[in-house]
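Some notes on the structure that comes next.
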Amino acid sequence: MPLVFAAALNHAPGITGRRDNATPAQRDVFFGACARLRERLEAARAEALVVVSPEHWTNFFLSAMPAFCVGRGESHWGPVEDEPFLKIPRTRVPGAPALADAIAEVAAEHLDLAYSEELRLDHGVMVPLHLLVPAMGLPVVPIIINCLAQPLPHMARCWTLGEALRRACDARAERIGLVCAGGLSHWPATPRSGKLNVPWDRDVVDAVLAHDRARLLAYRDDDIVREAGPGGHEIRAWAVLAGATEGLGGELLCFEPIPAYAVTGAVLDMRVAA
Ligand SMILES: [Fe+2]
């Protein structure tokens, strides 16, 4: 069955951990968009969710850093962050190992996916789940991308991963949703945290909306760091969404710079359920 839902949004820990630090107007726009996206996910009646998110030194370190890792656990524990920090209760999210294996098998034609039966979930997966599936009852296949340690996977390979995800999900009988949870420009854990490059963010989102592969592949690591900070590498998650939804229309539900969350709050629905 074709993908029934595909979307991208941020996962910054401030979204839940420092929710009230944003202005009321910013909160209305961002969380209103997330609520609309959640309604659309519920209307799509997804039976499983693939969540693509960057590594944050949660599962991997310099001892071994896969470009991509698919979680094939029966369940996934998270968040790893302290509950008072992230304000999301710790739980076990059900996994979907058969779907994870199907994805890895299809992707193997063009990509080498590492796999883990013991992936732990951090804010990168748990914040979007908290916003979209707060009961945490939907089986999830997490896919982690190395957006931290050089060499990073080329944007072309992220696009290819998206294509593989679509082929794999389309071939399955169950109703599957895709959530790509990446940041745009941000400078985490640096004195510049809270700085945004809003025009750069908008260019990325517009390229994803247009499924403009050439524009996305033109982003080079040195340019990303200079213009969008080390966190800018997380646009790889957005490139996955673009690759997975080529030919489909999209709707930008929110594009709201929120320095208090250290990101531009962006919520993009590719409207595949229509
Ligand atoms: Fe991140």
Side-chain angles (χ1 to χ4, degrees), residues 7-19 21-22 30 34 50-62 65-71 76 78-82 85-88 93 119-132 140 142-150 152-153 155 158 161-162 178-198 200-201 204-205 208 216 219 221 224-225 227-242 254-268:
L9 75 169
N10 311 108
H11 63 241
I15 291 168
T16 54
R18 303 187 304 275
R19 179 183 172 121
N21 286 15
F30 179 71
C34 292
V50 178
V51 182
V52 177
S53 181
E55 171 61 28
H56 298 107
W57 306 126
T58 293
N59 287 288
F60 304 106
F61 196 58
L62 299 179
M65 178 62 77
F68 308 105
C69 183
V70 59
H76 307 281
V80 298
E81 291 90 347
D82 293 339
F85 170 75
L86 199 59
K87 297 187 172 61
I88 296 177
V93 178
L119 275 188
R120 300 183 303 162
L121 306 182
D122 62 21
H123 64 281
V125 173
M126 294 303 283
V127 168
L129 284 183
H130 180 74
L131 294 168
L132 299 177
V140 168
I143 298 180
I144 304 300
I145 304 178
N146 170 23
C147 299
L148 277 178
Q150 300 284 354
L152 305 174
M155 292 285 279
C158 298
L161 174 61
L178 171 65
V179 174
C180 296
L184 299 166
S185 65
H186 60 303
W187 283 256
T190 75
R192 301 173 81 185
S193 182
K195 170 184 162 67
L196 308 176
N197 184 341
V198 177
W200 190 91
D201 295 347
V204 173
V205 171
V208 173
L216 287 169
Y219 284 96
D221 288 354
I224 289 173
V225 170
E227 297 175 28
H233 290 308
E234 294 188 353
I235 62 170
R236 284 164 171 80
W238 292 75
V240 172
L241 179 76
C254 174
F255 185 86
E256 178 73 23
I258 309 178
Y261 298 163
V263 290
T264 293
V267 180
L268 174 57

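Order of appearance sets the numbers: ligands from 1, and atoms from 1 within every ligand. Quick caveat, the model's predicted, so the values are computed rather than measured.
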Give the atom name of whichever N/O/S atom in His11 sits closest to the Fe ion (ligand 1).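 Per the distance ranking, His11 contributes NE2 as its closest N/O/S atom to the Fe ion (ligand 1).
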For the Fe ion (ligand 1): the N/O/S atom of Glu234 at shortest distance: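 The atom in question is OE2.
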Sequence neighbours excluded, which residues qualify as ring pair (Phe, Tyr, Trp, His ring centres under 6.0 Å) partners of His130?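 Not a single residue meets the ring pair (Phe, Tyr, Trp, His ring centres under 6.0 Å) criterion with His130.
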Residues 257-268 side chain polar contacts: donor-acceptor under 3.5 Å, at least two apart:
{"residue": "Tyr261", "atom": "OH", "partner": "Arg19", "partner atom": "O", "Å": "2.5"}
{"residue": "Thr264", "atom": "OG1", "partner": "Asp201", "partner atom": "OD2", "Å": "2.7"}

Does His56 put an N, O or S atom under 2.8 Å from the Fe ion (ligand 1)?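 His56 does place an N, O or S atom closer than 2.8 Å to the Fe ion (ligand 1).
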List the atom of Val179, the atom of Leu132, and the distance in Å for their closest heavy-atom pair.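 Of all heavy-atom pairs spanning Val179 and Leu132, the closest is CG2-CD1, 4.0 Å.
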Taking the side chain as every heavy atom from C-beta outward, state whether Lys195 and Thr190 have any atom pair closer than 4.5 Å.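 Lys195 vs Thr190: side chains apart.
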